[in-house]
Number of protein chains: 2
Amino acid sequence: MHTKEKILLEGMELFATLGYHGASMTKIADRVGLQKSSLYTHYNSKEALFFDVTTKIAADYVEFVKSTFENNGQTTQEKLYFSFQAHVKDLANHDSSIEFYNRFSSYPPKGFEDRVLKILRESEEQARTVFKEEITKAQADGDITEDVSPEEAARAFYGLLDGLSYETSYYDMDIIESHGDSMWKVFWRGVKA
Amino acid sequence: MHTKEKILLEGMELFATLGYHGASMTKIADRVGLQKSSLYTHYNSKEALFFDVTTKIAADYVEFVKSTFENNGQTTQEKLYFSFQAHVKDLANHDSSIEFYNRFSSYPPKGFEDRVLKILRESEEQARTVFKEEITKAQADGDITEDVSPEEAARAFYGLLDGLSYETSYYDMDIIESHGDSMWKVFWRGVKA
DNA sequence: GTCTATACCGAGATAGAC
DNA sequence: GTCTATCTCGGTATAGAC
């Protein structure tokens, strides 16, 4: 792996776990196996590194969501549940790219708010669109009630994920999975036809 | 107001909006109208101030939740919805004590994780107990389905709040309220008898 | 209790040898 | 590209006069 890629990867993990200020250039350099001054050969500033990571994370997230729906021959309930479970699994495992996404969606570094949120919000918008399309199909098939609009159902579904995201740094894996089950059960009861 | 109380209040607001490291002693002192060195007359360290704030926030939150249920002569649905709306309102208004609670539940300052989470988790446990009691009563009255356990319903209800908390720093007030409506609608449909 | 002055440290970033 | 050395800034905290 090239040095620059390794910096990107270690930067992502440290930003995700320690936050922007907690992840010092010294710590990143240590993990890469360099002196901090050598990082500046590859990135002009810490800020430039951070935005490179942010852009990659946003693109990867959309791909992840799409991939969770690329299973043919399932019912809508199964597809939605599979996607939900895939999120729960990554959350419970403290996957660092998801942790990066959640941390900086909620708490972008001071001064970078607008630029960070623009990047992350656009990718979330794309992800939500994927959910909405699945729900619209399910309504057409009569699997989901007409009492709830696709927009409302998609928001409620995304709300489940947000709720679990919030709990990530709060609870252990088994608790998160258990909460996920409760939330899914109530959600599905709330939208099924 | 005594100086120490004012430090506590301004500290809370700055910790909530800027985070632990973002809220420097200089900034806190500026808001109080003191030199930063004078803060040390009242608190031995920034850490001591932070934990004083954390303890107060945790106690206040439990009181807040209890207060949202102290309306007599309502149906369970109305009481739960009232509590939910009270949370939405504070979240949408970016009430700083709720922002403090959410920020440091998810991202406690490095080195303080165990002590901060212990304080905040205990208060959340108490709040969840309040919800569960209401739900148990509602089941006894036949307002909430027996298909879902009180524990599951309470977790799903708390999941709604967590999901909205997550969205707080992401969206504007009107969007949060709209998402809240969608989530409530699906939740109630999911638990009603 | 509040002030000014200062010690001390770790952060981001740059210069220049190799 | 990587290194050592260094600059500058802003942070927490302390000393001592008033």
Side-chain angles (χ1 to χ4, degrees), chain A residues 1-57 100 103-104 107-116, chain B residues 1-57 100 103-104 107-116:
Chain A
M1 185 170 3
H2 293 96
T3 304
K4 190 164 183 174
E5 293 174 67
K6 193 156 169 53
I7 295 171
L8 191 79
L9 178 67
E10 300 294 346
M12 179 193 78
E13 294 193 350
L14 286 176
F15 285 137
T17 53
L18 304 178
Y20 184 74
H21 295 289
S24 67
M25 293 298 264
T26 303
K27 284 176 186 158
I28 295 169
D30 283 350
R31 294 259 296 238
V32 178
L34 287 177
Q35 291 300 313
K36 66 171 170 176
S37 60
S38 303
L39 298 180
Y40 289 87
T41 302
H42 305 277
Y43 287 98
N44 291 328
S45 65
K46 184 180 184 180
E47 180 179 335
L49 168 60
F50 180 76
F51 276 98
D52 221 23
V53 174
T54 304
T55 303
K56 179 175 163 46
I57 292 279
F100 182 102
R103 179 188 280 266
F104 296 110
Y107 305 107
K110 288 297 148 195
F112 302 165
E113 291 87 347
D114 291 349
R115 286 152 66 203
V116 169
Chain B
M1 185 170 5
H2 293 93
T3 305
K4 190 165 181 173
E5 293 174 66
K6 193 154 166 55
I7 296 171
L8 191 78
L9 178 66
E10 300 295 345
M12 178 194 78
E13 295 193 348
L14 286 176
F15 285 137
T17 53
L18 303 178
Y20 183 75
H21 295 288
S24 68
M25 294 298 261
T26 303
K27 283 176 186 159
I28 295 170
D30 282 350
R31 294 258 298 237
V32 177
L34 286 177
Q35 291 299 314
K36 65 174 170 176
S37 60
S38 303
L39 298 179
Y40 290 88
T41 301
H42 305 277
Y43 288 98
N44 292 329
S45 62
K46 183 180 183 180
E47 179 178 337
L49 169 59
F50 181 75
F51 276 98
D52 221 23
V53 174
T54 304
T55 303
K56 181 175 162 45
I57 292 280
F100 183 101
R103 179 190 280 268
F104 296 112
Y107 306 106
K110 289 298 148 195
F112 301 166
E113 291 88 348
D114 292 349
R115 287 152 67 203
V116 169

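Below, chains carry the letters A, B, ... as their sequence lines are ordered, and counting in each starts from 1. Predicted model only: the values in this text are computed from it and were never measured.
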**Item:** Per A:Ser24 side chain, nearest of listed nucleotides D:dA13, C:dT2, C:dA11
**Value:** C:dA11
**Request:** List in chain and number order the residues that pass side-chain hydrogen bond (donor to acceptor under 3.5 Å, both in side chains) with A:Glu113, two or more places apart in sequence or in another chain; answer none if no residue qualifies.
**Result:** none
**Message:** How many whole angstroms separate atom NZ of B:Lys27 from atom C1' of D:dG10?
**Reply:** 10 Å
**Prompt:** B:Glu47 has an atom CD; how far is it from atom C1' of D:dA13, in whole Å?
**Reply:** 13 Å
**Prompt:** Between B:Phe50 and B:Tyr43, is the gap from one ring center to the other below 6.0 Å?
**Reply:** no
**Item:** Within residues 28-45 of chain B: residues closer than 4.0 Å to DNA chain C (heavy atoms)
**Value:** B:Leu34, B:Gln35, B:Ser37, B:Ser38, B:Thr41, B:His42
**Integer-rounded Å distance: C:dA11 C1' and A:Leu49 CG** = 15 Å
**Partner set under salt bridge (charged side-chain N to carboxylate O under 4.0 Å, His left out) for A:Lys4, not counting sequence neighbours** = none
**For A:Lys27, all residues meeting salt bridge (charged side-chain N to carboxylate O under 4.0 Å, His left out), sequence neighbours excluded** = none
**Message:** I need the NE2-P distance between A:His2 and D:dG1, as an integer number of Å.
**Reply:** 10 Å
**Request:** Go through the steps to decide whether A:Phe15 and A:Leu49 satisfy the test side-chain contact (heavy atoms from CB on, under 4.5 Å), and finish with yes or no.
**Result:** CA-CA 10 Å; A:Phe15 285 137; A:Leu49 168 60; 4.2 Å; yes
**Item:** Any pair counted as salt bridge (charged side-chain N to carboxylate O under 4.0 Å, His left out), so long as it reaches residues 14-23 of chain B, sequence neighbours left out
**Value:** none
What does the list of N/O pairs under 3.5 Å between the protein and nucleotides 16-18 of chain D look like, with a distance for each?
none

**Request:** Mind calculating the distance between CE (B:Met25) and C1' (C:dC3) to the nearest angstrom?
**Result:** 16 Å
**Message:** Using whole Å, what does the distance between atom C1' of nucleotide C:dC9 and atom NE2 of B:His21 come to?
**Reply:** 14 Å
**Request:** Using the test side-chain hydrogen bond (donor to acceptor under 3.5 Å, both in side chains), find all partners of B:Lys110 that sit at least two apart in sequence or belong to another chain.
**Result:** none
**Asked** Taking five pairs at each end of the helix from C:dG1-D:dC18 to C:dC18-D:dG1, what angle separates the two helix axes (nearest 10°)?
**Response** 10°
**Request:** Report the distance from atom NZ of B:Lys110 to atom C1' of D:dG11, rounded to the nearest whole Å.
**Result:** 19 Å
**Sequence neighbours excluded, every pair satisfying salt bridge (charged side-chain N to carboxylate O under 4.0 Å, His left out) that has a member inside residues 40-55 of chain B** = B:Glu47-B:Arg115
**Complete:** Sorted by chain and number, sequence neighbours left out, ring-ring contact (aromatic ring centres under 6.0 Å, His included) with A:Phe112 holds for A:Tyr20, A:Phe51
Tell me which donor-acceptor pairs under 3.5 Å the side chains of residues 31-41 of chain B have, and how far apart each pair is, sequence neighbours excluded?
| from | atom 1 | to | atom 2 | distance (Å) |
| --- | --- | --- | --- | --- |
| B:Arg31 | NE | B:Glu10 | OE1 | 2.7 |
| B:Arg31 | NH2 | B:Glu10 | OE1 | 3.0 |
| B:Arg31 | NH2 | B:Glu13 | OE1 | 2.8 |
| B:Thr41 | OG1 | B:Ser38 | O | 3.4 |

**Message:** Can you tell me if B:Asp30 has over 12 outside heavy atoms packed within less than 6.0 Å of its CG?
**Reply:** yes
